Enquirer: 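Below are the structure tokens for one structure; questions will follow.
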Protein chains: 2
Amino acid sequence: MTSTRDDPRPTKSQRTKAAILVAAREHFARDGYDRTTVRSVAAQASVDPALVIRYFSSKEALFAAAVDVDLMLPDLASVPRGELGARLTRHFLERWEGGLSDDVLVILLRSAVSNEQAADRLRAVFSEQVASTIGALAPRRDAGRRAGLVASQLLGLALTRYLLRLPGIADRPADDVLADVGPTIQRYLTQDLG
Amino acid sequence: MTSTRDDPRPTKSQRTKAAILVAAREHFARDGYDRTTVRSVAAQASVDPALVIRYFSSKEALFAAAVDVDLMLPDLASVPRGELGARLTRHFLERWEGGLSDDVLVILLRSAVSNEQAADRLRAVFSEQVASTIGALAPRRDAGRRAGLVASQLLGLALTRYLLRLPGIADRPADDVLADVGPTIQRYLTQDLG
DNA sequence: CCAGAAAGTCAACACCTGTTGAATTCTGGT
DNA sequence: ACCAGAATTCAACAGGTGTTGACTTTCTGG
């Protein structure tokens, strides 16, 4: 055996497993679930296709592993009520735009649109992370409604800006977009709803 | 020859061609471009796969034909300025929700996310139809910006409501959604922008 | 009634997919 | 230097894809 446990340096197989995961994220993000092939992921990780299956059992399981995500939403409870919209929107933009970011969000959105399993996953992330965070701010009765509205605007922003790259929204600086969209989110979070 | 022209009853081949198109729209809408197979479209149209190719040359061309769409945007010039948001949002919801509707919008959005050709097409529809309609209302300088914002919210609504079926937005009556989202669109269309 | 065009089918191709089990190479401990 | 066991590759499978060209059926005008 190479090491029983607590070896700080990851074992060889752990490292290639991680490399496969990185390559998989890149491909899933760029091409979506269907167009991503086990062979292309393997090639990019400089590895045999069979190894990908050996480590992850199947393409579906590889996807599930690639998309295990934490939105890292800020704690909105400590934010002044009047800045909620701007704060949440900025966080969202940074999470998408950050060069360091794993491409997990792109993967999830791109794949969820044509893959029911991915859609399940996204709905789960949404209700566990977004809806519950917002639930902490609003009366229970409104929480789902507000969360849905926020999601419709923020995911719409991601869709048009990062996936479709629509002119008029994709070609503007993040700060400008923030200034326009932030107030909408603020309204959805705090405004009286009929 | 069966008829030179202006025969009111479509010829046989025109009818099966149309049937293929209907089947194709249904499959592209439900499954997206990649998962839709020429064979399954042919089967649903009760026709040989080869015929699909014979009539449309290739799967890509079939897709292009299936997605040739007219948003049928209302003429916003005749709408009172204060009702623009509600009017445009209602039109949009009806266009998606209408049982009679061809599934063209679902197809376009679902496919555009993972298919660059479809994305081109959607950007074209957007700039030719949405951006120009809005351009008629706003100063040229703001038009692109407003159109982008409107698209981000309306496509986000479609995404979360019809494709992802997020709870909190998909399970509410259209009128409720209209009441919440309409004012946002109104703001994007008419409000002063910094 | 029948030639010829139109409409549609058949069988096959070349290629690509996820996945498998056996075979091979690599590596660390004694 | 040896060798167990981990790490990885090889070759192949069964099934599905878009597309093609030759063939057959169906229709129609003279």
Side-chain angles (χ1 to χ4, degrees), chain A residues 1-24 27-28 30-67 111 114-118, chain B residues 1-24 27-28 30-67 111 114-118:
Chain A
M1 219 183 298
T2 50
S3 76
T4 42
R5 55 178 174 138
D6 279 84
D7 193 329
R9 278 191 353 190
T11 161
K12 186 108 199 289
S13 75
Q14 285 174 326
R15 272 188 288 121
T16 62
K17 198 170 170 178
I20 291 171
L21 218 42
V22 167
H27 269 85
F28 282 134
R30 189 187 322 119
D31 305 329
Y33 183 87
D34 293 318
R35 295 177 113 85
T36 295
T37 101
V38 171
R39 281 172 162 83
S40 65
V41 169
Q44 179 160 335
S46 305
V47 132
D48 190 276
L51 199 63
V52 174
I53 298 295
R54 188 140 280 222
Y55 282 159
F56 293 93
S57 304
S58 73
K59 185 185 174 182
E60 287 224 342
L62 172 63
F63 179 79
V67 88
S111 303
S114 63
N115 184 284
E116 193 53 32
Q117 189 203 1
Chain B
M1 218 183 298
T2 50
S3 76
T4 41
R5 56 180 175 137
D6 279 85
D7 193 331
R9 278 190 355 190
T11 161
K12 184 110 201 290
S13 75
Q14 283 173 328
R15 272 189 288 122
T16 60
K17 198 170 169 177
I20 290 171
L21 218 42
V22 168
H27 269 85
F28 281 135
R30 191 186 320 120
D31 306 328
Y33 182 86
D34 294 318
R35 296 176 112 84
T36 294
T37 107
V38 170
R39 281 172 164 83
S40 66
V41 169
Q44 179 160 334
S46 305
V47 130
D48 191 277
L51 199 63
V52 174
I53 298 295
R54 189 139 280 226
Y55 281 158
F56 292 92
S57 304
S58 72
K59 183 185 175 182
E60 287 223 343
L62 172 63
F63 178 80
V67 90
S111 303
S114 63
N115 185 284
E116 194 53 32
Q117 190 203 0

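Throughout, protein chains are lettered first and strands after them, A, B, ... in sequence-line order, and every chain is numbered starting at 1. Computed from a prediction, not measured in an experiment: that's the story for all the values here.
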Enquirer: Look at A/Lys12 and D/dT8 and indicate whether a side-chain polar atom (N or O) is within less than 4.0 Å of OP1 or OP2.
Expert: yes
Enquirer: May I ask you to evaluate whether A/Thr11 reaches the phosphate of D/dA7, defined as a side-chain N or O under 4.0 Å from OP1 or OP2?
Expert: yes
Enquirer: Give A/Tyr55 one of three labels, base, sugar-phosphate or nothing, depending on what nucleic acid heavy atoms sit under 4.0 Å from its own.
Expert: sugar-phosphate
Enquirer: For A/Phe56 and D/dT8, give me the distance from atom CZ to atom P, rounded to whole Å.
Expert: 12 Å
Enquirer: Check side chain to side chain contact (heavy atoms under 4.5 Å, CB included) between B/Glu60 and all other residues, then give those that pass, not counting sequence neighbours.
Expert: B/Tyr33, B/Ser58, B/Gln117
Enquirer: Side-chain N or O of A/Ser13 less than 4.0 angstrom from OP1 or OP2 on D/dA7?
Expert: yes
Enquirer: Output all residues satisfying salt bridge (Lys or Arg N to Asp or Glu O under 4.0 Å) with B/Arg54, sequence neighbours left out; order by chain, then residue number.
Expert: none
Enquirer: Can you tabulate the close N/O pairs, meaning under 3.5 Å, that link protein atoms to atoms of nucleotides 17-20 of chain C?
Expert:
unit_1	atom_1	unit_2	atom_2	d
C/dG18	OP1	A/Val38	N	3.3
C/dG18	OP1	A/Lys59	NZ	3.3
C/dG18	OP2	A/Val38	N	3.1
C/dG18	N7	A/Arg39	NH1	2.6
C/dG18	O6	A/Arg39	NH2	3.1
C/dT19	OP2	A/Lys59	N	2.8

Enquirer: Look up atom CZ in B/Arg15 and atom NZ in B/Lys12, then write down how far apart they are to the nearest 0.5 Å.
Expert: 6.5 Å
Enquirer: Using the C1' atoms of the five pairs at each end, what is the angle between the end axes of the helix from C/dC1-D/dG30 to C/dT30-D/dA1, to 10°?
Expert: 10°
Enquirer: Residues two or more places apart in sequence or in another chain: which of them pass ring pair (Phe, Tyr, Trp, His ring centres under 6.0 Å) with A/Phe56?
Expert: none
Enquirer: Kindly write out the residues that satisfy side chain to side chain contact (heavy atoms under 4.5 Å, CB included) with B/Ala118, not counting sequence neighbours, or none if the list is empty.
Expert: B/Phe63, B/Ser111, B/Ala112, B/Asn115
Enquirer: Starting at CD of B/Gln14 and ending at P of C/dG8, how long is that distance when rounded to a whole Å?
Expert: 12 Å
Enquirer: Taking only N and O in the side chain of A/Lys17, is any of them less than 4.0 Å away from OP1 or OP2 of D/dA7?
Expert: no
Enquirer: Got a list of side-chain donor-acceptor pairs under 3.5 Å for residues 42-50 of chain A, not counting sequence neighbours?
Expert:
unit_1	atom_1	unit_2	atom_2	d
A/Gln44	OE1	A/His27	ND1	3.3
A/Gln44	NE2	A/Glu26	OE1	3.2
A/Gln44	NE2	A/Glu26	OE2	3.1
A/Asp48	OD1	A/Ala50	N	2.8

Enquirer: Listing request: all salt bridge (charged side-chain N to carboxylate O under 4.0 Å, His left out) pairs with a residue in residues 31-43 of chain B, at least two apart in sequence or in separate chains.
Expert: A/Asp34-B/Arg35, A/Arg35-B/Asp34
Enquirer: Would you indicate whether the side-chain heavy atoms of A/Val67 and A/Phe28 approach each other to under 4.5 Å?
Expert: no
Enquirer: Do B/Leu21 and B/Leu62 make a side-chain contact, defined as non-hydrogen atoms from C-beta onward lying under 4.5 Å apart?
Expert: yes
Enquirer: Once you round it to whole Å, what is the distance between C1' of C/dA6 and CZ of B/Arg15?
Expert: 14 Å
